[in-house]
Protein chains: 2
Amino acid sequence: MDKLLVPDGRTLKHVQVREYVRSLVTGSAPGSPAPSERELVHQFGVARMTVRQAMDALVVEGLLERIPGRGTFVARPRRAASRIVGFTEEMARRGLLAESVTLLARREQAGPGVARALNLTEGDAVIHWRRLRRADGQPMCLEDAYLNEVLLPGFLQSGMPTSLYDAFEARGLRPTWAEDSISADQASAEEAQHLEVETGGPVLRHSRRALSGEKVVEVSRSVYRSDRFTLWVQLGSD
Amino acid sequence: MDKLLVPDGRTLKHVQVREYVRSLVTGSAPGSPAPSERELVHQFGVARMTVRQAMDALVVEGLLERIPGRGTFVARPRRAASRIVGFTEEMARRGLLAESVTLLARREQAGPGVARALNLTEGDAVIHWRRLRRADGQPMCLEDAYLNEVLLPGFLQSGMPTSLYDAFEARGLRPTWAEDSISADQASAEEAQHLEVETGGPVLRHSRRALSGEKVVEVSRSVYRSDRFTLWVQLGSD
DNA sequence: TAGTGGTCTAGACCACTAT
DNA sequence: TAGTGGTCTAGACCACTAG
């Protein structure tokens, strides 16, 4: 819709009107009136259908709400399901500082499970990244991430970022879809050592397959200390 | 948009066109062409803007996709985040039969926590329903649900349903929004007895606050056997 | 009664795609 | 070159809301 079909300097009229109205109403309280359609027709000297096209977009976006016979008003913001975030942002939400210690970061050949999950062929190159993740200095989680090397060229060489999700963002690969599985279990001896808990103590296992559009960008398995971590999920939308 | 502003027998033209096109393309493979706009203009004898209004609705819905210069095509179905379902449907997804034994079902006065979660005042009447939930005959989960009695008049008297979510559905209270928290823990002695596991064994705790529009319809705490249950969540949308 | 959004017309020109 | 969707015009009548 927003693609430039008119590559000259001029801005589409319905876009002008749309952005003008958006600037007027952003920050306004829900229920505040937006300009009427005929008012905008006079202000911009355009046809009413053009104004309606502009307003339609804002209504679909959930910014405005039309009430026949009354007018157009700022809508109550829609609730939206949980955004897909990584450990760093998840901790930041809790007011905690995320830190990581890389335990392993190397190129591997994809095994059958990882290959299927990443939509690759067995033996293809994948990045395996294992980290102990801390929150405010305390061990929180042990994470094994498998990444498609083709999507992250030079990733291992260019120095690892703190936040994998920031790296996705920088490459235009922000996850838009995630399939998570969550279960309770007992810590293995190795997990217990890293997490500084008793072997056999309760842990939360969290697996994720994250996609950006059609591309699988992350397959990971994480194990969290159950005494420090509760997962929050919001589902649905208005 | 679909409200009847024309209460006489006639159907809005853009609705006629929209439903005609919908009937044509439902079942078609993604990428199949839809009729062109000018073709529909001739078929229905309407203005092009009317056809565009019809098609716009289907595009917003995600059923169609426009490609400038080429035409309008059936879109790849959008992925949608997890629907909000209860235990019965959650088990059905796994091919398991859900059964329940009611351990407690009574009217109570809301304590401070439940009152806040249900958007009520402390002391208001709530329904407290505790069930042992089985899947294919095996203990799976122990659930405490708190419900707003005002939204479910006669619920306790009229015989309890198998599925709470079916009861919501029947009253037009299908949950559209859920706030879940998930954690790992160890079974208490009482929980262990009901679930037939060792005291201190690993369990998954799942709390939910479910809303239908603005109304809080359910507040619940469930504890699952970790050896039989893994939670699946899909997040995001195309 | 005046104003609002909802529907609808009968055209027009544009940029883009495919042949 | 023919066809497609994208933009835009300058009106019209309708049902509904509010003063």
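Every chain is numbered from 1 and lettered A, B, ... according to where its sequence line falls, protein lines coming before strand lines. Worth saying up front: this structure is predicted, and the values here are computed from it rather than measured.
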For B/M55 and D/dG5, what is the distance between atoms CE and C1' respectively, to the nearest whole Å?
10 Å
Taking the minimum atom-to-atom distance to the side chain of B/A47, which one of D/dT9, D/dT4, C/dA10 wins?
C/dA10
Please determine, for the side chain of B/Q53, which listed nucleotide (C/dT4, C/dT7, D/dA10) has the closest atom?
C/dT7
Between B/W177 and B/E179, do the side chains contain an N or O donor and an N or O acceptor separated by less than 3.5 Å?
yes
Send over the distance from B/L12 CG to C/dT7 C1', rounded to a whole Å.
7 Å
SB check A/E61 A/R78 (cutoff 4.0 Å):
no
OP1 or OP2 of D/dT4 less than 4.0 angstrom from a side-chain nitrogen or oxygen of B/S36, does that happen here?
yes
Return the pairing partner of D/dG11 with a 3.5 Å limit on both distances, Watson-Crick or G-U wobble; otherwise return none.
C/dC8
Between A/E108 and A/Y146, is any side-chain donor less than 3.5 angstrom from a side-chain acceptor?
no
Euclidean distance, atom CZ of residue A/R18 to atom C1' of D/dC8 [Å, nearest integer]:
16 Å
Taking atom P of D/dT17 as reference, at what distance in whole Å does atom CZ of A/F73 sit?
12 Å
Base-pairing mate for D/dA18 - Watson-Crick or G-U, with both contacts under 3.5 Å:
C/dT1
Output the rounded distance in Å from CD (A/E37) to P (D/dA10).
17 Å
Could you check how far CE of B/M49 sits from C1' of D/dG11, rounded to whole Å?
13 Å
Is any side-chain N or O of B/T72 closer than 4.0 Å to OP1 or OP2 of D/dG5?
yes
For the pair made of CZ in A/R52 and P in D/dG11, what is the distance, rounded to whole Å?
18 Å
Would you say a side-chain N or O of B/T50 is under 4.0 Å from OP1 or OP2 of C/dT9?
yes
Mind checking whether A/F44 and A/Y20 have parallel, tilted or perpendicular rings, split at 30° and 60°?
perpendicular
Starting at the 5' end of DNA chain D and moving along, which residue's nearest nucleotide shows up first, A/R70 or A/G45?
A/G45
How long is the line joining CZ of B/R48 and C1' of D/dC8, in whole Å?
11 Å
Please figure out whether B/V46 or A/R38 has its closest DNA chain C nucleotide nearer the 5' end.
A/R38
Intermediate values then yes/no, side chain to side chain donor-acceptor pair (under 3.5 Å), A/S207 and A/R221
CA-CA 4 Å; A/S207 300; A/R221 282 191 288 270; 5.7 Å; no
